[in-house]
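Right, one structure below, let's go through it.
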Amino acid sequence: MNRVSLRSSISTFVVSVILLLSTGNSHAQTSATNSVRGKTEILWLGQAGFRIKTPGDKIILVDPWITGGPKTPPQYKNDLAAIGPVDLLLVTHAHVDHIGDAPALAKMNNTKLYGPADMVTPLIFLGVLPADLGHRFNKSGSVTPLPGIKVTAVKAEHSSLLVHKNPETQKMEAHHAGEAMGYIIELENGFKIWDMGDTGLFGDMKFIGEYYKPDLVMIPIGGNFTMGPDDAAYALRTWVKPKMVIPMHYNSNPMAKGTLAEFQAAMKGSNIKIIPMTEGETVQF
């Protein structure tokens with residue numbers, strides 16, 4: 001065999017090995033994703049609070065306003081431990097109806113609270129949250145807090161303020177708490193949830209929808225503090241276009257007057273599946 005032929009044979013062999021390894025690795029990654037075939041289970045705790053049981057049997061709590069929530073199911077409102085073991089805590093911003101019982105649950109479960117960097121910092125400095133139980137990240141930042149689970153922080157058009165009772169003076173204090181965020185939560189089987197948190201309309205909803213391609217969106221519809229039913233419907237129909245939507249952040253505060261019926265009317269004719277829930281109800285995907 002001459003040198004040219006030998007060189008050609010070696011090159012062909014190397015390319016074949018690379019392709020084989022690449023295909024094998026791709027197959028392994030696909031198999032790893034597809035091997036998680038459990039269901040996703042979502043419990044609405046009221047307002048913007050959800051408990052998500054992942055296909056890999058992990059429990060994620062988002063914005064757990066439980067003991068103070070007027071619509072929280074009694075079994076949880078009266079006993080935080082009834083929520084069960086918590087593997088991941090996500091808080092979108094510091095308003096009381098979102099941060100709620102998150103610090104207490106973090107300490108109870110020895111579980112990290114993930115949230116906006118400038119919200120977690122004052123929680124730690126004020127002694128509300130131990131330093132080792134807070135994880136700071138920010139918009140466009142991604143974390144993998146549990147095997148197979150990825151959380152990306154995205155924009156929310158809202159504010160954030162931490163109200164704290166000073167243990168020495170017993171007076172209430174207000175502390176700046178950074179900017180509100182939403183979360184793209186990708187589960188072990190690839191199912192993606194966009195929890196918008198509290199937000200008004202903003203044009204980058206279109207980009208977020210197109211780039212992350214969420215299967216399910218949790219969207220506020222109450223108005224006054226967030227989008228109302230018409231704005232929420234506009235965002236979904238015009239920009240985001242997910243497969244499914246769960247309306248939230250209504251029915252708990254008399255100042256947020258938007259209703260499920262108004263939202264359903266605004267969505268009439270859309271092929272986006274609306275999943276209406278009552279507080280305490282569980283749905284599966």
Side-chain angles (χ1 to χ4, degrees), residues 26 29-30 32-34 36 40 42 48 50 52 54-55 60 62-63 88 90-93 98 114-117 137-146 148-160 178-223 225-250 258 263-277 283 285:
S26 174
Q29 290 176 348
T30 303
T33 300
N34 292 340
V36 183
T40 299
I42 296 178
F50 290 93
I52 303 169
T54 77
I60 303 172
V62 186
D63 288 348
L88 173 61
L90 294 172
V91 177
T92 59
H93 63 291
H98 293 259
Y114 285 72
F137 69 134
N138 219 321
K139 291 182 288 295
S140 292
S142 293
V143 294
T144 51
L146 299 168
I149 294 174
K150 179 180 178 181
V151 181
T152 303
V154 294
K155 180 178 177 178
E157 188 62 39
H158 197 62
S159 61
S160 182
E179 297 182 1
M181 304 194 307
Y183 295 119
I184 304 291
I185 307 167
E186 184 173 352
L187 305 181
E188 299 98 334
N189 61 354
F191 188 78
K192 290 182 184 178
I193 301 169
W194 180 5
D195 187 309
M196 289 189 169
D198 276 9
T199 188
L201 283 171
F202 61 94
D204 276 351
M205 285 180 170
K206 185 176 189 296
F207 162 74
I208 294 169
E210 290 176 350
Y211 185 73
Y212 294 104
K213 297 179 174 57
D215 298 287
L216 170 68
V217 171
M218 297 167 171
I219 193 168
I221 66 165
F225 302 104
T226 70
M227 293 181 289
D230 289 342
D231 282 353
Y234 180 87
L236 292 166
R237 298 172 68 129
T238 309
W239 292 334
V240 183
K241 302 176 184 176
K243 298 172 187 173
M244 299 170 285
V245 59
I246 295 177
M248 66 170 183
H249 208 274
Y250 70 99
F263 176 67
Q264 289 172 319
M267 289 291 290
K268 189 174 180 180
S270 168
N271 60 5
I272 299 169
K273 182 179 180 182
I274 300 172
I275 302 169
M277 298 184 71
V283 294
F285 302 93

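All values below come from the heavy atoms of this structure, side chains included, with hydrogens, waters and symmetry mates left out. Index from 1, following the sequence.
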Counting only heavy atoms not in Glu179, do more than 12 sit closer than 6.0 Å to its CD atom?
-> no
Counting only heavy atoms not in Lys139, do more than 12 sit closer than 6.0 Å to its NZ atom?
-> yes
To the nearest 0.5 Å, what is the distance between [atom1] ([X]) and [atom2] ([Y])?
X: Asp195; Y: Met181; atom1: CG; atom2: CE; value: 11.0 Å
X: Ile52; Y: Ile149; atom1: CD1; atom2: CD1; value: 9.0 Å
X: Glu157; Y: Leu201; atom1: CD; atom2: CG; value: 9.5 Å
X: His98; Y: His93; atom1: NE2; atom2: NE2; value: 4.0 Å
X: Asp215; Y: Asn189; atom1: CG; atom2: CG; value: 8.5 Å
X: Thr54; Y: Ile42; atom1: OG1; atom2: CD1; value: 11.0 Å

I need the minimum non-hydrogen distance between [X] and [Y], along with the two atoms involved.
X: Tyr250; Y: Gly222; value: CB-CA, 4.0 Å
X: Ala180; Y: Ser159; value: CB-O, 3.7 Å
X: Met205; Y: Gly200; value: CE-O, 3.4 Å
X: Ala266; Y: Arg237; value: O-NH1, 3.0 Å
X: Asp198; Y: Ala156; value: O-CB, 3.6 Å
X: Gly209; Y: Pro214; value: O-CD, 3.7 Å

Keeping the roles fixed (side chain from Thr152, backbone from Ser142), state whether a donor-acceptor pair exists under 3.5 Å.
-> no
Spell out, as yes or no, whether a donor-acceptor pair under 3.5 Å connects the side chain of Asp63 to the backbone of Thr92.
-> yes
Is the shortest heavy-atom distance from the side chain of [X] to the side chain of [Y] under 4.5 Å?
X: Val240; Y: Ile219; answer: no
X: Trp239; Y: Tyr234; answer: yes
X: Phe202; Y: Ile208; answer: yes
X: Met196; Y: Met227; answer: yes
X: Phe285; Y: Ile275; answer: yes

Using the ring pair (Phe, Tyr, Trp, His ring centres under 6.0 Å) rule, pick out the option among Phe50, Tyr212, Phe137, Tyr114 that qualifies with Tyr183.
-> Phe137
Residues Val151, Leu88; criterion side chain to side chain contact (heavy atoms under 4.5 Å, CB included); working and verdict | CA-CA 11 Å; Val151 181; Leu88 173 61; 4.3 Å; yes
